[in-house]
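If you read the sequence from its start, that first residue is 1, and numbering goes on from there.
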Amino acid sequence: MNQTTDPLNKYCIVIRDLTNVAASISRVEETKAAAASERRHELLDGCIQEEQALLLKLRGLEQHRTNYQKALGWEDLTLKQILEQADPEQQESLAPLFENLEQQLKRLRHARNASEQIIGVRLHELDILAARQQGSSYNNEGTARPAAASHARIHNKYV
């Protein structure tokens with residue numbers, strides 16, 4: 001193997017691993033969204049722990065990716081730019097890997113947005129419930145209005 005092939009093979013492995021981790025994080029986000037949607041909040045803690053472990057793995061893979069890109073002379077290039085600069089043999093190896101990675105990243109963005117939206121709704125519901133228990137109410141804009149003091153609610157008609 002020449003010097004370019006070895007880092008390229010390792011780079012391809014890292015891209016595959018990044019794709020797999022992105023897919024795993026997407027599954028966790030989808031599970032979080034489903035758990036929040038079904039009000040199964042007890043499942044969220046496990047999802048968050050799994051997600052944290054995957055994010056650490058992602059961080060390590062990202063360091064390897066940047067190191068291999070640097071070794072290949074592709075430092076600070078986007079995936080599209082790498083394909084433009086790569087020779088035809090490299091393009092043939094990289095194009096499907098980059099396409100799969102891009103698909104998983106899109107899935108991840110969609111899953112994360114859905115999860116955040118559903119969890120945001122559930123948190124808002126909890127805020128409303130807590131406000132009701134404290135005697136607060138919500139106005140038409142959805143913001144809490146503090147409860148009036150008890151003496152302010154009672155009008156003294158004898159004064």
Please give me the minimum heavy-atom distance between [X] and [Y], naming the atom from each residue.
| X | Y | value |
| --- | --- | --- |
| Ser93 | Cys12 | CB-SG, 4.4 Å |
| Ile118 | Ser37 | CG2-N, 3.6 Å |
| Ala111 | Ser26 | CB-O, 3.9 Å |
| Leu77 | Gln81 | CA-OE1, 3.3 Å |

Tell me whether Leu55 shares a hydrophobic cluster with Leu61, the cluster being built from Ile, Leu, Val, Met, Phe, Trp, Tyr side chains joined at under 4.5 Å.
yes
Is a side-chain donor-acceptor pair under 3.5 Å present for [Y] with [X]?
| X | Y | answer |
| --- | --- | --- |
| Arg65 | Gln69 | yes |
| Thr19 | Arg16 | no |
| Ser115 | Glu29 | yes |

pair [X]-[Y]: side-chain heavy atoms closer than 4.5 Å:
| X | Y | answer |
| --- | --- | --- |
| Arg107 | Gln103 | no |
| Val14 | Leu18 | yes |
| Leu43 | Thr31 | no |
| Thr66 | Asp76 | no |
| Leu58 | Leu54 | no |
| Trp74 | Tyr11 | yes |
| Glu102 | Phe98 | no |

Output all residues satisfying side chain to side chain contact (heavy atoms under 4.5 Å, CB included) with [X], sequence neighbours left out; order by chain, then residue number.
| X | answer |
| --- | --- |
| Gln117 | none |
| Leu44 | Lys32, Ala35, His41 |
| Ala95 | Leu83 |

Charged N to carboxylate O under 4.0 angstrom, Glu116 versus Arg122?
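No, this pair does not count.
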Is Glu125 salt-bridged to Arg39, going by a charged N under 4.0 Å from an acidic O?
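Counted as a salt bridge, because a side-chain N and a carboxylate O are separated by less than 4.0 Å.
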Please round to the nearest 0.5 Å and tell me the distance separating atom [atom1] of [X] and atom [atom2] of [Y].
| X | Y | atom1 | atom2 | answer |
| --- | --- | --- | --- | --- |
| Arg59 | His64 | CZ | NE2 | 13.5 Å |
| Leu8 | Ile13 | CG | CD1 | 10.0 Å |
| Tyr68 | Asn9 | OH | CG | 10.5 Å |

Quick one: does Gln90's side chain have a donor or acceptor within less than 3.5 Å of a partner on Asp87's backbone?
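Yes; at least one donor-acceptor contact below 3.5 Å.
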Non-neighbouring partners of [X] that pass salt bridge (Lys or Arg N to Asp or Glu O under 4.0 Å), sequence neighbours left out:
| X | value |
| --- | --- |
| Arg40 | Glu42 |
| Glu50 | none |
| Glu99 | none |

Would you sort out whether Ile25 and Arg112 count as a side chain to side chain contact (heavy atoms under 4.5 Å, CB included), showing the intermediate values?
CA-CA 9 Å; Ile25 295 171; Arg112 175 150 292 172; 4.2 Å; yes
Derivation and outcome, side chain to side chain contact (heavy atoms under 4.5 Å, CB included), residues Leu105 and Leu101:
CA-CA 6 Å; Leu105 292 175; Leu101 178 60; 4.0 Å; yes
Exceeds 12 heavy-atom contacts within 6.0 angstrom, atom CD of Glu92
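Incorrect, the count does not exceed 12.
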